[in-house]
Amino acid sequence: MPDQTLPRTLRTRSWWGWGWADAHPDDAECVALGALVPGTLARPLPLPRVADLHIGSPAVEAPSSLGHLVTYDPAPRAAHAMGKAFRDVARALRGRPGRIPDLVAHPVTDQDVADLLEWSGERQVAVIPYGGGSSVVGGVEYRGEAHRAVLSLDLSAMDQVLEIDTVGRAARIRAGILGPELEDRLRPHGLTLRHFPQSFEFSTLGGWLATRAGGHYATTRTHIDDFTQALGVVTPAGTTTSWQLPASGAGPSPDRLFLGSEGALGVITEAWMRLQDRPDHKASASVSFTDFHAALPAVRALAQSDLAPANCRLLDSGEAALSGAATDGRAVLVLGFESSTAPVDDRLAQAVELARAHGGRTTSGPADSSAPADPAVGAWRSAFLRMPYLRDGLARMGAVAETFETATTWDRLPALIDAVRTEVGAAAHRATGRPALVNCRLTHVYPDGAAPYFTVIAGGRPGEEVAVWDDLKAVAGDVLHRHRATITHHHAVGRDHRPQYDLQRPEPFAQALRAAKHALDPCGVLNPGVLVDG
């Protein structure tokens with residue numbers, strides 16, 4: 001078992017899989033996980049080693065003026081070769097991580113970033129901005145042969161909180177700061193950004209901004225966009241800094257150009273972020289329903305009310321069973337409220353009553369911060385944080401285990417969910433000869449629609465796990481497109497979602513995006529292949 005008491009600085013990140021190296025399932029747990037999925041291996045694949053990879057000599061060498069910023073060592077180069085999607089983990093386990101960067105740079109200042117971009121443009125070196133490396137859509141790897149070399153631009157040294165405005169509740173923060181460090185530095189001021197994606201422990205502010213990440217809140221302020229006041233961005237064409245303002249109607253927003261740009265237009269180096277007082281009042285409860293579709297009217301009613309729950313996640317029976325929230329075949333709605341100013345028990349009680357009016361059933365009363373926690377809520381929270389490690393354990397057993405998410409309007413939602421379950425399940429059966437588990441949960445809900453999040457677990461074909469997943473992902477993308485559901489709600493486009501993104505975006509916008517790419521990155525070195533071709 002991992003030693004959770006060790007400080008972060010004494011723990012080692014896994015170079016090939018999710019999170020901490022000491023938190024992965026051991027061989028025995030991997031075997032136990034594999035026993036739950038028909039068609040897996042008899043024993044787990046061995047843990048991959050950097051020493052076993054073929055890592056060639058770098059194709060370029062940085063000038064002496066930049067030498068103090070870069071490393072050519074094999075271990076950091078291998079660790080920066082990929083993100084943390086299933087296909088990344090499966091490739092690493094098979095010793096096929098893809099193109100490994102020639103060098104890794106750790107800039108400290110905006111001028112360092114500008115100098116690295118200038119040199120890279122002159123030498124036709126692809127630059128892949130890198131935050132925490134938690135991308136699950138191929139956003140931090142290089143694919144292709146158009147560039148002579150690849151530089152991974154790691155912003156982790158740019159991790160300061162530069163200013164805190166306690167009056168306006170905002171802070172100027174460097175992009176390379178990880179989630180836990182950010183919250184630690186805000187805590188003495190009684191403030192919080194309170195943006196908690198599942199990757200919170202291993203992702204950075206800059207990564208959240210560059211991917212328009214979804215976070216803690218299931219309603220209202222669901223994306224990092226909602227907390228962004230201003231951005232500082234270094235591009236090959238120059239540095240751009242927007243004004244810190246509460247709001248502005250002065251033309252198209254410069255911040256909106258770079259939010260979600262995934263490092264293809266520039267490198268986000270800092271941001272002014274809106275903060276809030278830390279919540280002192282919290283309450284949670286769970287409500288169960290006979291099945292997932294029966295619960296949708298209740299969730300829609302909650303989303304269209306003014307109750308604004310912080311947590312409003314609906315788990316189908318499969319997700320509820322995986323997390324331990326329920327094992328009786330019922331769907332489970334997990335509700336949570338929080339406030340820094342007043343108790344939230346009344347709001348939770350109203351939400352529970354609304355869910356009951358739509359056929360929900362409670363097994364325990366609402367739990368405030370002083371009452372025993374609802375077991376289903378606690379089970380879901382624990383499973384939520386542990387799930388990426390279990391996915392990696394299943395990958396070691398040759399299983400295909402991954403997730404994808406989307407968003408669509410309420411009227412399209414039931415048919416979309418049924419189609420994904422049916423068609424992705426059928427594709428998995430064709431690919432592996434065995435039935436697959438296709439589960440669904442709602443992670444974020446809005447007055448006009450919701451974001452379903454799907455989990456797929458299937459036995460793989462030994463040595464062809466990546467090909468199986470790519471086939472399933474293609475089927476899923478086709479379903480989403482036919483039902484006019486977005487290719488991603490909060491995981492970005494990267495390289496994995498490019499084909500569907502190209503179909504989703506209007507062509508005049510694509511032309512404008514290509515023009516912006518050419519203007520800001522005239523040499524075409526910034527994260528090539530992401531969002532738009534140069």
Side-chain angles (χ1 to χ4, degrees), residues 36 196-198 214-219 222 283-303 309-337 348 351-352 354-356 358-364 366-367 373-391 394 401-408 410 413-414 416-418 420-422 424-425 436-446 449-457 476 485 489-491:
L36 303 175
F196 297 144
Q198 189 177 33
H216 167 72
Y217 293 103
T219 66
T222 60
S284 60
S286 66
V287 184
S288 65
F289 293 82
T290 54
D291 62 60
F292 191 81
H293 284 326
L296 292 179
V299 180
R300 176 166 54 85
L302 283 165
N311 196 3
C312 186
R313 285 170 168 80
L314 177 64
L315 318 178
D316 71 5
S317 58
E319 284 287 301
L322 277 180
S323 67
T327 57
D328 58 0
R330 293 174 67 88
V332 175
L333 174 62
V334 178
L335 293 170
F337 287 82
L348 177 61
V352 169
L354 191 155
R356 284 175 176 155
H358 285 81
R361 184 181 76 189
T362 55
T363 56
S364 61
D374 185 318
V377 176
W380 168 80
R381 185 178 295 114
S382 297
F384 178 73
L385 298 174
R386 183 64 178 158
M387 193 58 68
Y389 292 103
L390 300 183
R391 179 208 64 180
L394 285 168
E402 187 58 297
T403 62
F404 62 93
E405 33 69 54
T406 182
T408 193
W410 287 112
L413 187 65
L416 168 70
I417 293 171
D418 286 345
V420 167
R421 284 175 170 154
T422 299
V424 173
L437 187 68
V438 184
N439 292 338
C440 180
R441 67 181 185 267
L442 301 186
T443 61
H444 301 77
V445 296
Y446 305 93
Y453 195 112
F454 297 94
T455 299
V456 181
I457 301 176
H489 172 263
H490 60 261
H491 276 160

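Here the straight-line distance linking atom CG of Leu416 with atom CZ of Phe454 works out to 5.0 Å at 0.5 Å rounding. Expressed to the nearest 0.5 Å, how far CZ of Arg330 lies from OG1 of Thr290 amounts to 6.0 Å. A distance of 11.5 Å separates OH in Tyr217 from CG in Asn311, rounded to the nearest 0.5 Å. The distance from the CG atom of Leu413 to the NE2 atom of His293 is 8.0 Å, given to the nearest 0.5 Å. Once rounded to the nearest 0.5 Å, the distance linking OG1 of Thr455 with CE of Met387 reads 7.0 Å. Distance check: Ser317 OG to Asn439 CG gives 7.0 Å after rounding to the nearest 0.5 Å.
Using a 4.5 Å heavy-atom cutoff, the side chains of Leu314 and Val445 are not in contact. Side-chain contact between Val299 and Trp410 is present, with heavy atoms from C-beta onward closer than 4.5 Å. You'll find the side chain of Cys312 reaches within 4.5 Å of the side chain of Leu335, heavy atoms only. Side-chain atoms of Val456 and Glu402, non-hydrogen and from C-beta on, never get closer than 4.5 Å to each other. Looking at heavy atoms from C-beta onward, Leu322 lies out of side-chain contact with Leu390 at the 4.5 angstrom threshold. Inter-residue side-chain proximity for His489 and Glu405 is flagged as met; some heavy-atom pair is nearer than 4.5 Å. Side-chain contact between Thr443 and Thr222: absent, with no pair of heavy atoms (C-beta onward) separated by less than 4.5 Å. Contact annotation: the side chain of Val420 never approaches that of Cys440 to less than 4.5 Å [non-hydrogen atoms, C-beta and beyond].
In this structure, Ala476 and Phe404 approach most closely via the heavy-atom pair CB-CZ, 3.6 Å. Contact between Ala401 and Arg391 at its shortest, heavy atoms only, is O-CG, 3.0 Å. Contact detail for Ser286 and Thr362: the closest heavy-atom pair is O-CG2, 3.8 Å. The two residues Leu333 and Phe289 come nearest to each other via the heavy atoms CB-CE1, 4.0 Å. Of all heavy-atom pairs between Val287 and Gly360, the closest is CG1-CA, 3.6 Å. Summarising the geometry of Pro197 relative to Gly214, their closest heavy-atom pair is CB-O, 3.4 Å, with the distance given to 0.1 Å.
Classification of the Tyr453-His490 ring pair by plane angle, with boundaries at 30° and 60°, yields parallel. Ring geometry for Phe196 against His216 counts as perpendicular: the plane angle is over 60°, on a 0 to 90° scale with 30° as the lower cut.
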Derivation and outcome, side chain to side chain contact (heavy atoms under 4.5 Å, CB included), residues Ile417 and Phe292: CA-CA 10 Å; Ile417 293 171; Phe292 191 81; 3.4 Å; yes

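Although no hydrogens or angles enter the test, the distance criterion places a donor-acceptor pair under 3.5 Å between the side chain of His444 and the main chain of Gly215. With Thr219 contributing its side chain and Pro309 its backbone, the two residues share a donor-acceptor pair below 3.5 Å.
Applying the side-chain hydrogen bond (donor to acceptor under 3.5 Å, both in side chains) test to Arg421 and every residue at least two apart in sequence or in another chain returns Asp316.
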